[in-house]
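Keep in mind the model is a prediction, meaning the values are calculated, not measured. So that the names make sense, note that chain A is the first sequence line, chain B the second, and so on, each numbered from 1.
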Protein chains: 2
Amino acid sequence: MARTTGSHSDITGPRVRDAALRLFARHGFAAVSMRQIATEVGVQAGALYNYTPDKQSLLFALMRDHMVELLDAVEALPDVSPLAKLEGFVRFHIAFHHERPDAVFISYMELRNLSPENFEALETLRRRYETVLEDILHSGVAAGLFQVADTRIATWAVIAMLTGVNTWFRAGGRLSLNDVQDQYWEMVRRAVAVG
Amino acid sequence: MARTTGSHSDITGPRVRDAALRLFARHGFAAVSMRQIATEVGVQAGALYNYTPDKQSLLFALMRDHMVELLDAVEALPDVSPLAKLEGFVRFHIAFHHERPDAVFISYMELRNLSPENFEALETLRRRYETVLEDILHSGVAAGLFQVADTRIATWAVIAMLTGVNTWFRAGGRLSLNDVQDQYWEMVRRAVAVG
DNA sequence: CTTGGTTTTGAACATGTGTTCAGTTAAATC
DNA sequence: GATTTAACTGAACACATGTTCAAAACCAAG
């Protein structure tokens, strides 16, 4: 046997990425073999190499694509007052991350499995995302709306707090996503706003 | 060759655990082989099985020991007012986690490599730790000192925020550990305290 | 010095790993 | 219908994996 009926790279390509994303998130990059991914796709392991030069590049592509999506979305947020911007950021972060639990998980957990160059590329993207929030905090401080001792630390604190939602929140439970957004926004607002 | 001169289980045992802790934290459980651990200890792979029945038990022992230490320490905090208790918890969490970056990292990252029973055992310990903070928040709310919509969510939010310190803080930099504790305590206090 | 217990070696086992590639079949193009 | 291109198979490569165990060497006690 060789080429199978109905096979097409436009179909197999996304299926490879989807399977890799799910398996990497569930079991970890190092614990997943190329043969497991291939089985999930319904193909032999060798066929995967039409879609990635090697296993690590597959991981990196997933992480990079996720971060680029994240950046594009956050930079499209409306340009309003610092307080409204902060609220927008909080609600956006929670919602965006909730929709992509696997990609978020991988992007935080598998950094150590990247080559130095790939790691650096991803860190650069992550820093750009953090800077969006830090700029908001900074402009709020300048406008006398926020009271923050160190905008850098506050940035890390807020992002860690918001990202933590993914570890426990599941849709269909006691609280809606909106409830969660409301409560986190309330805590963030009080933590940084004056008076 | 066989038994080596100077070999003793009281020495090799801790060395096995130390090497495993450091390697698991650095490269991940699945990416570290028993032979790598053995090399680090200065022993052949077979000798490790005098100290653990298998690889997974070694991981679990490290995680469980860490959580038990954490629980013992947090339950020894003084019984004072809710506000002072909360401050004590915040400062304790930051300091304790700062001193054990490898154990903290492993205990958060390698949960998925545990068997179901081991996972459940660790989750129970983690819930007990969270309950310490939730009880503090709850008693503060009852005393009219705190204003928190949902103590469960606030617990997760605070712990995620505090644990995040480990991802960026390194001793010897711009800020002392005390500076960091001060700033996080300020943010937590404002996020939950009334007016 | 002998005996009994402790600790480690070194080889082996069965299986799994990422990756390559010649050969084969399906789809697309002319 | 003939030819070219795209997609995949299946086998192979060289090596790594967790774990077991008889044999050997060390240490401690009598």
Side-chain angles (χ1 to χ4, degrees), chain A residues 1-24 26-63 106 110 112-115 117-118, chain B residues 1-24 26-63 106 110 112-115 117-118:
Chain A
M1 268 187 281
R3 180 169 187 173
T4 54
T5 79
S7 63
H8 204 301
S9 63
D10 292 346
I11 294 172
T12 308
R15 281 174 56 93
V16 169
R17 287 190 286 278
D18 286 358
L21 187 73
R22 195 172 55 255
L23 288 171
F24 288 165
R26 187 120 44 198
H27 305 109
F29 174 75
V32 173
S33 72
M34 295 299 270
R35 284 172 180 81
Q36 281 176 63
I37 299 171
T39 300
E40 195 88 348
V41 176
V43 101
Q44 294 297 315
L48 298 180
Y49 291 84
N50 291 325
Y51 302 96
T52 181
D54 49 50
K55 193 187 175 191
Q56 155 134 189
S57 300
L58 180 54
L59 172 65
F60 176 65
L62 294 172
M63 297 169 89
I106 288 176
E110 304 293 355
R112 61 190 168 186
N113 285 304
L114 294 177
S115 69
E117 316 88 72
N118 285 346
Chain B
M1 267 187 280
R3 178 170 187 174
T4 54
T5 79
S7 63
H8 204 301
S9 63
D10 292 346
I11 293 173
T12 308
R15 281 173 56 94
V16 168
R17 286 190 286 279
D18 287 359
L21 187 73
R22 194 172 55 255
L23 288 172
F24 288 165
R26 188 121 42 198
H27 305 107
F29 174 74
V32 173
S33 72
M34 295 299 271
R35 284 171 180 82
Q36 283 177 61
I37 299 171
T39 300
E40 195 88 347
V41 176
V43 101
Q44 294 298 316
L48 298 180
Y49 291 84
N50 291 325
Y51 303 96
T52 180
D54 50 50
K55 193 187 176 192
Q56 155 134 187
S57 301
L58 180 54
L59 172 65
F60 177 64
L62 294 171
M63 297 170 88
I106 288 176
E110 304 293 355
R112 61 188 168 187
N113 285 304
L114 294 177
S115 68
E117 316 88 72
N118 286 346

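Here the CZ atom belonging to Phe24(B) is positioned 5.5 Å from the NZ atom belonging to Lys55(B), to the nearest 0.5 angstrom. Taking CE of Met63(A) as the start and CG of Asn118(A) as the end, the distance is 9.0 Å to the nearest 0.5 Å. Going from atom CZ of Phe60(A) over to atom CD1 of Ile106(A) covers 13.5 Å, rounded to the nearest 0.5 Å.
Of the side-chain N and O atoms in Ser9(B), one or more sit less than 4.0 angstrom from OP1 or OP2 of dT7(C).
For Ala2(A), taking side-chain heavy atoms from C-beta onward, the closest of the listed nucleotides dG18(C), dC8(D), dT19(D) is dC8(D).
Scanning for side chain to side chain donor-acceptor pair (under 3.5 Å) contacts around Asp54(A) gives Ser57(A), with sequence neighbours left out. Remark: Gln44(A) engages no residue in a side chain to side chain contact (heavy atoms under 4.5 Å, CB included) (not counting sequence neighbours). Remark: Ser9(B) engages Tyr51(B) in a side chain to side chain contact (heavy atoms under 4.5 Å, CB included) (not counting sequence neighbours). Under the rule for a side chain to side chain donor-acceptor pair (under 3.5 Å), the partners of Ser7(B) that lie at least two apart in sequence or sit in another chain are Arg3(B). For Arg22(A), the side chain to side chain contact (heavy atoms under 4.5 Å, CB included) criterion is met by Arg26(A), Glu40(A), Asp102(A), not counting sequence neighbours. Considering only residues two or more places apart in sequence or on other chains, Ser33(B) meets the side chain to side chain contact (heavy atoms under 4.5 Å, CB included) condition with Arg35(B), Gln36(B).
Formation of a donor-acceptor pair under 3.5 Å by the Glu110(B) side chain with backbone atoms of Leu59(B) is not found in this model.
The OH-C1' distance, from Tyr51(B) to dT9(C), rounds to 13 Å in whole Å. In this structure, Gln36(A) atom CD and dT15(C) atom P are separated by 17 Å, rounded to whole Å. A straight line from CZ of Arg15(B) to C1' of dT7(C) spans 15 Å, rounded to a whole angstrom. At whole-Å resolution of the value, CZ in Phe24(A) and P in dG18(C) are 9 Å apart. In this entry the distance linking CD1 of Ile37(A) with P of dC8(D) reads 15 Å, nearest Å. The distance between atom CD1 of Ile11(B) and atom C1' of dC27(D), rounded to the nearest whole Å, is 13 Å.
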Restricting both atoms to N or O, compile the protein contacts to nucleotides 27-30 of chain C shorter than 3.5 Å, with distance only.
unit_1: dA27(C); atom_1: OP1; unit_2: Gly6(A); atom_2: N; d: 2.9

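With pairs defined as Watson-Crick or G-U wobble and both atom distances under 3.5 Å, the stems of at least three pairs that touch DNA chain C come out as C:1-3 with D:28-30, C:6-30 with D:1-25.
Toward the 5′ end of DNA chain D lies the nearest nucleotide of Thr12(A), the other residue of the pair Thr12(A) and Ser33(B) mapping further downstream.
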Distance-only donor-acceptor hits, side chain of residues 12-21 of chain B, under 3.5 Å, sequence neighbours excluded:
unit_1: Thr12(B); atom_1: OG1; unit_2: His8(B); atom_2: O; d: 3.2
unit_1: Arg15(B); atom_1: NH2; unit_2: Val41(B); atom_2: O; d: 2.7

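Judged by distance alone, with hydrogens and angles left aside, Arg35(A) brings a side-chain donor or acceptor within reach of the base of dG18(C), the pair sitting under 3.5 Å.
For residues 40-50 of chain B, proximity to DNA chain C is found at Val43(B), Gln44(B), Gly46(B), Ala47(B), Asn50(B), defined as any non-hydrogen atom under 4.0 angstrom from a strand atom.
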